[in-house]
Amino acid sequence: MLHLDCSANHSAESVSRRLTREYADRWLAAHSSADYHYRDLAADPITPIDTAYCQLGRRSESLGTLPTEAIEELAETPAEKEAWRLTKPLIDEVRSAELLLIGTPLYNYSLPGALKTWIDRVSFPGAFTGGVLEDTQVVVITASGGAYGAGSPREGWDHQTPYLRAYFTNHGVRDLKFIQAELTLTGLVDSLAYLKPLADASLAQAWDEVTLAST
Ligand SMILES: Cc1cc2nc3c(=O)[nH]c(=O)nc-3n(C[C@H](O)[C@H](O)[C@H](O)COP(=O)(O)O)c2cc1C
């Protein structure tokens with residue numbers, strides 16, 4: 001398993017971190033810890049892509065789909081070699097994982113920059129395309145302060161879930177599951193207090209789904 005967290009909140013308050021921890025611990029009870037890899041994308045951020053990444057990527061993409069070993073040969077400058085040095089281990093890491101577990105908050109109606117930076121770097125043109133993740137199971141656990149389901153006033157404002165669904169589907173993922181804890185801010189914001197029962201139900205359902213999905 002490759003387990004990614006990206007909440008900027010490292011405290012025990014983080015709902016996405018608590019849920020992914022529970023999922024990972026349950027998974028670890030039945031699997032070897034040698035197969036478990038963890039990345040905290042907020043505490044240990046991925047370097048954003050740069051000109052060298054784009055130039056190497058354009059050269060790679062112009063040649064079609066390539067094995068990662070071939071891309072090393074294409075790097076012409078120290079900056080391009082460095083771009084590839086930063087990228088290849090991340091590609092190898094996710095490609096070798098049978099299960100990708102992601103914990104992610106909703107930030108400003110979208111995904112946290114820390115997760116998007118990982119996606120941008122790992123999705124190297126020519127090397128991470130097509131059905132590259134067709135044998136990978138993906139579980140995404142999201143936490144959002146509000147709720148965005150059918151009939152809610154802000155229905156359709158959650159741009160994270162549809163984005164991640166499109167991204168992983170486009171990369172061949174067939175086994176893709178979302179577990180969502182909504183309304184996590186109801187305990188803090190007075191105007192949302194009346195929604196607390198719905199928040200509690202959403203969190204309870206997320207815990208149940210974690211229990212079910214991880215065993
Ligand atoms: C920078 C920032 C932006 C946020 N934007 C939204 C938002 O657009 N919609 C929403 O429902 N909640 C938003 N929230 C609330 C978080 O989604 C919520 O607190 C969630 O539980 C955070 O995940 P965590 O508990 O794993 O840290 C935002 C929180 C922060 C810190």
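Note that ligands are numbered from 1 as they come in the structure, with each ligand's atoms numbered from 1 the same way.
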So the atoms of ligand 1 within less than 4.0 Å of a heavy atom of Ala143 turn out to be 17 (O), 20 (C), 21 (O), 23 (O)
May I ask you to check whether Trp157 and Tyr109 place their ring centers less than 6.0 Å from one another? yes
### Contact check, side chains of Ile102 and Val139, non-hydrogen atoms, under 4.5 Å
no
*Do Thr161 and Asp158 meet the criterion of a side-chain donor-acceptor pair at a distance under 3.5 Å?*
yes
If we number the atoms of ligand 1 from 1 as shown, the ones under 4.0 Å from a heavy atom of Leu185 are 15 (C), 19 (O)
With heavy-atom distances below 4.5 Å as the criterion, would you say the side chains of Tyr167 and Ser123 are in contact?
yes
Distance-only polar pair, side chains of Gln160 and Thr104, donor-acceptor under 3.5 Å
yes
the protein heavy atom lying closest to atom 26 (O) of ligand 1 turns out to be Ser16 OG, 2.5 Å
For atom 25 (O) of ligand 1, the closest protein heavy atom turns out to be Val15 N, 2.8 Å
re atom 22 (C) of ligand 1, the protein heavy-atom contact at minimum distance is Pro105 CB, 3.5 Å
In this structure, atom 21 (O) of ligand 1 is nearest to the protein heavy atom Thr184 OG1, 2.7 Å
The protein heavy atom nearest to atom 6 (C) of ligand 1 is Leu106 O, 3.3 Å
of all protein heavy atoms, closest to atom 5 (N) of ligand 1 is Asn108 N, 2.8 Å
Heavy-atom proximity to atom 30 (C) of ligand 1 ranks first, among Tyr148, Tyr109, Tyr107, for Tyr107
Honestly, for Ser7 the part within reach of ligand 1 (heavy atoms, under 4.0 Å) is side chain
Looking only at protein heavy atoms, what sits closest to atom 12 (N) of ligand 1 is Gly145 N, 3.1 Å
Would you say Trp157 contacts ligand 1, with heavy atoms under 4.0 Å as the rule?
no
State, with a plain yes or no, whether a side-chain heavy atom of Ile71 is found less than 4.5 Å away from one of Leu56. yes
- Task: Describe, in one word, how the ring planes of Trp27 and Tyr36 are oriented to each other, choosing from parallel (under 30°), tilted (30 to 60°) and perpendicular (over 60°).
- Result: tilted
Per-atom filter on ligand 1: closer than 4.0 angstrom to a heavy atom of Ser144 are 11 (O), 17 (O)
* Asked: Can you find a pair of side-chain heavy atoms, one from Arg26 and one from Thr211, that are under 4.5 Å apart?
  -> yes
His3 and Arg39: side chain donor to acceptor below 3.5 Å:
no
